Amino acid sequence: MKIETRAVHAGRHIDPATGAVTPPIHLSTTFERAADGEYPRGYSYSREDNPNRRALEECLAALEGGRQALCFSSGLAVANALVQGLEPGDHIVAPDDVYWGLRKVIGEVFGKWGLETSYVDLTDIDSFHAALRPATRLVWVETPSNPLMKITDLPAIAALSRGAGPNIVTVCDGTFATPVLQRPLDCGIDMVVHSTTKYLGGHSDVVGGALITRNDNYLFERARKSQRYGGSVPSPFDCWLTRRGIDTLPWRVRAHSDNAMRVAQFLEAHQAVEAVHYPGLPSHPAHKTAARQMSAFGGMLSFQVRGTRDTAMKVAARCQLFLRATSLGGAHSLIEHRASIEGPNTRTPQNLLRCSIGLEHTDDLIADLDQALVG
Ligand SMILES: Cc1ncc(COP(=O)(O)O)c(C=O)c1O
């Protein structure tokens with residue numbers, strides 16, 4: 001079945017009690033036991049499992065072509081659960097421009113855990129290969145990356161990791177691409193992570209995360225335990241909202257991608273712009289890799305203005321339609337000075353603005369950016 005069909009049907013069941021086509025929200029925290037003490041309907045307590053969560057998990061597994069999925073209370077809750085599954089002394093390889101929250105999880109939450117981490121430019125496959133060690137257990141990829149829109153060659157990372165031994169689990173954060181544009185599991189990656197807060201929810205009204213696995217592996221099982229006994233579960237309503245958002249995911253993501261391509265082309269030709277980072281542009285250093293592993297290039301882009309941090313802040317301040325806010329993947333276009341949010345140790349250029357291109361008409365978006373850039 002094609003993804004548009006899976007997005008509408010996967011994990012949706014007619015409610016057996018009422019025939020409702022739209023699923024009810026199961027707020028009950030607890031479920032009845034049968035006389036023999038068993039749970040014949042498969043649910044006992046909502047921290048462990050819940051019908052809305054299970055429906056969303058079925059849907060996400062179907063979208064990614066995975067075996068199983070787990071839904072969490074946020075994207076970073078997934079990262080916490082995965083890192084928690086590692087042993088002291090284990091080694092992680094992660095991108096040097098990884099989403100800054102993962103650095104915080106590894107360094108600040110698990111700083112005492114005794115983990116070793118190499119932050120590497122994963123677009124350089126030789127550097128990646130050289131970074132692998134006998135103790136490497138987790139390879140974390142994020143493509144496209146946030147906010148520099150770097151592209152990592154997923155089949156190459158999967159093959160090199162497999163070749164380095166059976167103990168390495170590869171994980172791709174596919175938040176920017178969504179399963180509509182990129183299917184990491186088909187490229188040989190073991191697990192996919194999403195912040196469902198973004199395109200999957202799609203309306204900037206629900207925080208969530210998901211982990212989808214292609215195979216049975218110990219880190220997935222440890223993440224499940226960490227969730228069950230740590231409690232980082234999404235509410236039934238959050239799952240319901242996210243599942244509803246997914247109905248329109250393929251159509252939204254293609255519209256975001258078309259809009260972003262037009263905005264990127266406009267920015268690339270603008271005199272006030274020094275550089276545009278968008279994998280759909282032939283000038284992007286990994287455009288060919290992106291074209292191989294993505295069906296379109298997504299709704300996220302970043303650009304560097306000609307000038308300083310102050311120039312960039314002024315451009316953002318002059319925007320009328322683009323909202324100055326963090327996050328991404330909703331209907332509204334957003335603009336953000338990333339270095340400010342990432343803090344003093346950021347590697348993000350100070351003259352960079354990141355945009356989540358929304359679903360408005362591109363003529364209006366381009367007119368807004370033009371007046372903001374011209375000043
Ligand atoms: C690429 C990426 N991964 C993970 C996260 C974390 O997700 P959440 O905010 O749902 O915890 C974000 C949030 O911005 C992100 O952009």
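Just so it is clear, the structure is predicted and the values come from calculations on it, not from any experiment. Start at 1 and go down the list; that is how both ligands and their atoms are numbered. What you see below is based on every heavy atom in this structure, not just the backbone, and it leaves out hydrogens, waters and symmetry mates.
In terms of modelled atom types and a separation under 3.5 Å, the side chain of H270 and the main chain of A272 share a donor-acceptor contact. Listed for the S235 side chain is a donor-acceptor partner under 3.5 Å among the backbone atoms of D238.
Heavy-atom proximity to D173, at under 4.0 Å, picks out these atoms of ligand 1: 1 (C), 2 (C), 3 (N), 4 (C). With ligand atoms numbered from 1 in the order given, ligand 1 contributes 10 (O) to contacts under 4.0 Å with heavy atoms of G208.
For atom 10 (O) of ligand 1, the choice among T143, T197, N146, V207 with the nearest heavy atom turns out to be T197.
By the 4.0 Å N-to-carboxylate-O rule, R318 lies too far from D368 to be salt-bridged with it.
In this structure, CG in N215 is found 10.0 Å from CZ in F220, a value given to the nearest 0.5 Å.
Proximity of L76 to ligand 1, defined as any heavy-atom pair under 4.0 Å, is shared by backbone and side chain alike.
For the pair K198 and ligand 1, a heavy-atom separation below 4.0 Å is found.
Legend: salt bridge (charged side-chain N to carboxylate O under 4.0 Å, His left out) pairs involving residues 223-235, not counting sequence neighbours, sorted by first then second residue: E221-R224.
For atom 5 (C) of ligand 1, the closest non-hydrogen atom on the protein side is Y99 CE2, 3.3 Å.
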